[in-house]
Amino acid sequence: MPELPEVETVRRGLSDLLEGKKVMSVKSDWHKSFPNDQRLVDNYLIGSKITEVKRRAKVIIINLDSDYCLMIHLKMTGQLVYVGDQRFGAGHPNDSLIAKLPDKSTRVVLTFKDKSSLYFNDQRKFGWMKLLHKSRLNDEPFMKSVGPELIDPDITNTIFVQRLQKRPGSNIKAVLLDQSVIAGVGNIYADESLWAAKIHPTTLVKDLNDTELATLREELINVLKLSIEKGGSTDKNYVDAEGNKGSYLEFAKVFRREGKPCYRCGSVIVKSKVAARGTHTCNVCQIKKKA
DNA sequence: CACTTGACCTGTCCGC
DNA sequence: TGCGGACAGGTCAAGT
């Protein structure tokens, strides 16, 4: 999906657009995208007002003024796009996307009292929107296992290193992608931060010293913060709450740059498979290390 | 237990 | 133009 910067960008947009909106109706024609009991939907979603839009790792949480909330995971291709009266305005930059909604990727539509709507689009149907009692949120499997986020200032380098070193025999990229170790990093920002830290993705955690891990942490934080500033990365599907694409990939150093020269040394960026994911590296700058 | 692979889906692109 | 296969930003369950 969208990784932490994309989800945070969506959250910020929705927070401005949705707070105070009263839900009037919900429509979904793909059960796995909206796996909720109709009675609960009728009693605790319809007629409720949105009070707050939060994020934890790559999950969005929309709090309602009932005791319930919506927990949303966008997975690979999910979008949450709000359409208000700009659909009818002239010259809006996103007219083309917004005017077409709902489209064939639309899985759930929430309509509000003021006639505006929130579209949950998800081409690949991996994502979901669950209505949960607020007190049960932390019983969800994802919430139970999810680790801390590096953009949280309380997560010191010591904590970061301790968490990674619980997986000494795994390659560093697989560990960065494991949400129970560190939350929010996905394929793009794993590749970007490893390039910046000059670490090859197949290097085993136990073969990295404290200096290298400290550098990796710094670079992860830099990459995540820069991407949030740029509104995230749009590779194919990702858009924010108003249908805008993110611009981070214009600044990417390796991701999707296979065949192009490394910005540091000029060698050709190559694509391989690590941890079952497409992986971009400069194999001159990023040497696989063995202790 | 630690770690890796397949499954969940649709759409697109590439080679034959 | 069609068809098969690989691949796509994520996470689980099931395998070794």
Side-chain angles (χ1 to χ4, degrees), chain A residues 1-10 28-35 55-60 71-80 102-108 120-130 140-147 149 163-194 201-207 220 223-224 227-228 230-240 245-252 254-259 271-280:
Chain A
M1 103 179 145
E3 307 179 31
L4 186 149
E6 291 74 34
V7 180
E8 176 59 18
T9 303
V10 171
S28 173
D29 44 24
W30 186 254
H31 180 257
K32 288 180 177 179
S33 298
F34 193 72
R55 178 189 62 74
R56 177 70 176 92
K58 304 177 189 173
V59 162
I60 298 248
M71 177 183 183
I72 303 157
H73 203 310
L74 301 174
K75 294 288 181 83
M76 300 280 260
T77 56
Q79 304 174 328
L80 284 171
D103 66 18
K104 63 180 172 181
S105 76
T106 300
R107 309 300 173 205
V108 186
F120 174 32
N121 302 324
D122 185 18
Q123 181 190 96
R124 292 176 71 180
K125 299 181 174 175
F126 291 168
W128 37 256
M129 178 183 278
K130 294 183 193 175
E140 286 294 297
F142 181 88
M143 297 302 259
K144 273 188 180 169
S145 66
V146 71
E149 301 179 21
R163 296 191 70 87
L164 292 200
Q165 288 178 340
K166 287 198 281 189
R167 301 279 307 277
S170 288
N171 64 60
I172 184 65
K173 176 155 177 176
V175 177
L176 291 181
L177 294 176
D178 184 337
Q179 301 300 296
S180 70
V181 178
I182 291 293
V185 181
N187 207 33
I188 299 175
Y189 306 110
D191 282 6
E192 290 292 295
S193 60
L194 288 166
T202 57
T203 309
L204 302 185
V205 170
K206 65 175 171 6
D207 292 335
L220 272 164
V223 161
L224 293 173
S227 185
I228 291 172
K230 302 300 176 191
S233 298
T234 295
D235 185 17
K236 291 196 173 73
N237 295 275
Y238 169 74
V239 293
D240 72 11
K245 296 179 177 186
S247 68
Y248 175 84
L249 287 188
E250 295 168 27
F251 303 86
V254 285
F255 191 82
R256 285 290 144 81
R257 291 197 67 249
E258 59 269 32
K271 187 167 179 183
S272 60
K273 191 153 278 202
V274 179
R277 313 298 301 278
T279 298
H280 310 75

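Protein chains get the first letters and strands the later ones, always in sequence-line order, with residue 1 at the start of each.
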Is the Lys NZ or Arg CZ of A/Lys32 less than 6.0 Å from the centre of A/Trp128's six-membered ring, within 45° of the axis?
no

Please report the distance, rounded to the nearest Å, between CG in A/Leu249 and P in C/dG9.
11 Å

Pairing string, 5' to 3', for DNA chain C - Watson-Crick or wobble contacts under 3.5 Å, brackets [ ] where pairs cross, | to another strand:
.|||||||.|||||||

I need the CZ-P distance between A/Phe126 and B/dG11, as an integer number of Å.
12 Å

Closest listed nucleotide, where the reference is the side chain of A/Arg107 and the choices are C/dG9, B/dT10, B/dC3
B/dT10

Would you please test A/Tyr189 and A/Tyr248 for ring pair (Phe, Tyr, Trp, His ring centres under 6.0 Å) and show each step?
CA-CA 10 Å; A/Tyr189 306 110; A/Tyr248 175 84; 5.4 Å; yes

May I ask you to test the A/Glu140-A/Lys130 pair for a side-chain heavy-atom distance under 4.5 Å?
yes

Paired with A/Asn121, the side chain to side chain contact (heavy atoms under 4.5 Å, CB included) test is passed by just one of A/Thr77, A/Val108, A/Val239, A/Asp103, namely A/Asp103

Between atom CE in A/Met143 and atom P in C/dT11, what is the gap in whole Å?
13 Å

Nearest-Å distance, NZ (A/Lys206) to P (B/dA2)?
14 Å

Quiz question: by atom type and distance under 3.5 Å, do the side chains of A/Asp240 and A/Thr9 form a donor-acceptor pair?
no

Quick one: which of B/dC9, C/dG9, B/dC3 gets closest to the side chain of A/Ser170?
B/dC3

How is A/Ser105 classified with respect to the nucleic acid when contacts are heavy atoms under 4.0 Å: base, sugar-phosphate, or nothing?
nothing

Of C/dT11, B/dC9, C/dG9, the nucleotide closest to the side chain of A/Lys32 is B/dC9

Could you check which residues of residues 271-279 of chain A get a heavy atom under 4.0 Å from DNA chain C? Sort them by number, please.
A/Lys271, A/Lys273, A/Arg277, A/Gly278

A/Ile72 atom CD1 is separated from C/dT11 atom P, nearest whole Å, by 15 Å

A/Arg124 has an atom CZ; how far is it from atom P of C/dA6, in whole Å?
15 Å

Length of the CE-C1' vector between A/Met71 and C/dT11, whole Å:
12 Å

Mind running salt bridge (Lys or Arg N to Asp or Glu O under 4.0 Å) on A/Arg107 and A/Asp29 for me, showing each step along the way?
CA-CA 6 Å; A/Arg107 309 300 173 205; A/Asp29 44 24; 5.6 Å; no

Here the distance between atom P of C/dG9 and atom CD of A/Gln79, to the nearest Å, is 16 Å

Is it true that A/Arg55 and A/Glu149 have a side-chain N and a carboxylate O under 4.0 angstrom from each other?
yes

Given B/dC8, is OP1 or OP2 found less than 4.0 Å from the side-chain N or O atoms of A/Lys125?
no

With a 4.5 Å heavy-atom cut-off, do A/Lys58 and A/Leu74 have their side chains touching?
no

Examine A/Lys245 relative to A/Tyr238 and say whether NZ or CZ is less than 6.0 Å from the centre of the six-membered ring and inside a 45° cone about the ring axis.
no

Using a heavy-atom distance cut-off of less than 4.0 Å, which residues of residues 172-191 of chain A contact DNA chain B?
none

Heavy-atom nearest nucleotide on DNA chain B taken for A/Arg167 and for A/Lys104; more 5' hit belongs to A/Arg167

Could you pick out which residue, A/Ser145 or A/Gln123, lies toward the 5' side of DNA chain C when each is mapped onto its nearest nucleotide?
A/Gln123

Sidechain N-carboxylate O distance under 4.0 Å for A/Arg256, A/Asp235
yes

A/Val181, A/Val175, A/Asn171 screened by side chain to side chain contact (heavy atoms under 4.5 Å, CB included) with A/Val205, the one that passes
A/Val175

Given C/dC12, C/dG9, B/dC3, identify the nucleotide with an atom nearest to the side chain of A/Pro168.
B/dC3

What contact category does A/Asp122 fall into here, base, sugar-phosphate, or nothing, at under 4.0 angstrom with non-hydrogen atoms?
nothing

How about A/Lys173 and A/Thr202: does a side-chain donor come under 3.5 Å of a side-chain acceptor?
no

Between C/dA8 and A/Lys236, is there an OP1 or OP2 to side-chain N/O distance shorter than 4.0 Å?
no

Are side-chain heavy atoms of A/Leu194 and A/Ile172 found at a separation under 4.5 Å?
yes

